[in-house]
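Lettering of chains follows the sequences in order, A, B, ..., and the numbering in each one begins at 1. Please read all numbers here as calculations on a predicted model, not as lab measurements.
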Protein chains: 2
Amino acid sequence: MLSIPSYYPKQISFPKGQGVFPVNTIYSKSFFKPKSKAETKVIAAKKHSDSERRRRVRINGQYATLRTVLPNLIKMDKASVLAETVRQVRELKKAVAEVEAACRHGDSDECVLPGGVDKLSLEQCDGEQEGLVKATLSCDDRPGLILDITRALSSVKGRVVRAEMVIVGGRSKNVLWIQGLGDGKEGMVALRRALKVVIDRPIFAGLSKRFYLPQ
Amino acid sequence: MLSIPSYYPKQISFPKGQGVFPVNTIYSKSFFKPKSKAETKVIAAKKHSDSERRRRVRINGQYATLRTVLPNLIKMDKASVLAETVRQVRELKKAVAEVEAACRHGDSDECVLPGGVDKLSLEQCDGEQEGLVKATLSCDDRPGLILDITRALSSVKGRVVRAEMVIVGGRSKNVLWIQGLGDGKEGMVALRRALKVVIDRPIFAGLSKRFYLPQ
DNA sequence: CCTTACACGTGAGTC
DNA sequence: TGACTCACGTGTAAG
């Protein structure tokens, strides 16, 4: 047991390193509870310093894990560890933002890769030629999909002036630029109806979802 | 000016908050340098405590910026700030890794998107069915590319059991799984020669590089 | 009351 | 020798 010489103990020789203290470090279990004022004060002080040490261990433990999770943080003092962490976090956030921006052109609708849910959207392309419509169509890939799309397009007025098709992981995304649909709404409505049929058509039974080259 | 009552000052009433101390806090400029032992000790102590306070300000400043750069860190004690930082940093690193892995399947050769340079590679697929060959072919997209590929494949033994095609930004990447090429090298050589012709064929003059739907 | 979190000054160690 | 970083125990205020 340590005897506390005064209210200002010059030095209490702890093992200097951190370490879990044994459970028999009991604060308030003196026999028959004498509870002199001075004694309770000493006990409270010990309890206080103990909890403060636990807090320090907690904080320093987090410093240690932080040093492992980020590079070049070992052999750095606490302030520098935090500063470097801030710097690297900013870098990581920028990297994530850049790479997300690379996958989508502004909107999530503009992702170049096929989405996981079927979707059909028509969009008037102003700024370029008059009457240009961009149709975007996402669905499961299947044998004959291109043929179905071609048939649907031949059923409406207008012609395809450009097409981009992406097939990956069994999903297909097709972007079609169509000109000459007509001035009114009828052309758009007809196009939407025709492409909706393509999306909603079930995969031909008995065939896998693989995409086969057209023969 | 503060008078230091003893070696163990009970309380020095600082403004309690941080704050830059005025420059006129001078340590060693007593007139004619009396330099009693006790005095130098007090001065050194003050210098020490001052620099220690500066260190604390530095660390706490980094905590503050860390709280601003990451969300949900305000109103958290230091240990939790560090713990949350570790968690979010791990999340960010995972996000970066995932998004990098999404763009390439391990090797840069395995990028699902078409590369910028023409390339043809054949690869024996062991582990699955016997005699499965994976052919990867990157080139500019062009009208009739699929037809050219189909013709090239019909000129060799074996049949296509699976195909994935990506066309984006005028570039085309095609991955073909071919079975039944034969046991020897001849099949592979013939396949490579046939596909090389497809890649090296120039785009038909007078047409744009756009990809048109097959009619 | 009790617990918790922080700032403080100080002793000790390192370069 | 300083200039520094850290751990420590304590004072103090908030819940």
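- Looking at Lys78(A) and Asn60(A), their side chains come closer than 4.5 Å, going by heavy atoms from C-beta outward.
- For Lys46(A) and dC8(D), the NZ to C1' distance is 12 Å, given to the nearest whole Å.
- The side chain of Arg58(B) contributes an N or O atom lying less than 4.0 Å from OP1 or OP2 of dT5(D).
- Near DNA chain C, meaning a heavy atom under 4.0 Å from it, residues 61-69 of chain A has no residue at all.
- In this structure, Asp50(A) places its CG atom 14 Å from C1' of dT4(C), rounding to the nearest Å.
- Where Asp77(B) and His48(B) meet DNA chain C, the nucleotide closest to each residue was compared, and Asp77(B) sits on the side nearer the 5' end.
- For dA5(C), the OP1/OP2 oxygens have no side-chain nitrogen or oxygen of Lys78(B) closer than 4.0 Å.
- In this structure, Lys41(B) places its NZ atom 12 Å from C1' of dT10(C), rounding to the nearest Å.
- For the OP1/OP2 pair of dC6(D) and a distance below 4.0 Å, the side-chain nitrogens and oxygens of Asn60(A) include no atom meeting the criterion.
- Spacing between atom CD1 of Ile59(A) and atom C1' of dT4(C) amounts to 12 Å, rounded to whole angstrom units.
- Ile199(B) approaches Ser138(B) most closely through the heavy-atom pair CD1-O, 3.9 Å.
- Checked options Arg54(B), Lys47(B), Arg53(B); the residue passing with Asp50(B) is Arg53(B) (criterion: salt bridge (charged side-chain N to carboxylate O under 4.0 Å, His left out)).
- Using a 4.5 Å cut-off on side-chain heavy atoms (C-beta onward), Gln62(A) and Thr65(A) make contact.
- When the nearest nucleotides of DNA chain C are assigned to Arg56(B) and Arg55(A) by heavy-atom distance, the more 5′-ward of the two goes with Arg55(A).
- Smallest separation of non-hydrogen atoms from Ala152(A) and Leu195(A): CB-CD2, 4.2 Å.
- Side-chain atoms of Ser51(A) lie closest to dT4(C) of the nucleotides dC8(C), dT5(D), dT4(C).
- For dC8(D), its base never sits under 3.5 Å from the side chain of Glu52(A) at any donor and acceptor pair.
- Residues Leu153(A) and Ile149(A) form a side-chain contact, since some pair of their non-hydrogen atoms from C-beta on lies under 4.5 Å apart.
- For Lys47(A) and dT3(C), the shortest distance from a side-chain N or O to OP1 or OP2 is below 4.0 Å.
- Distance, Met76(B) CE to dT4(C) C1': 16 Å, rounded to whole Å.
- As judged by a 4.0 angstrom heavy-atom cut-off over every strand, Ala45(A) is placed among residues touching the sugar-phosphate backbone only.
- Between Thr136(B) and Glu123(B) the shortest side-chain heavy-atom distance does not fall below 4.5 Å.
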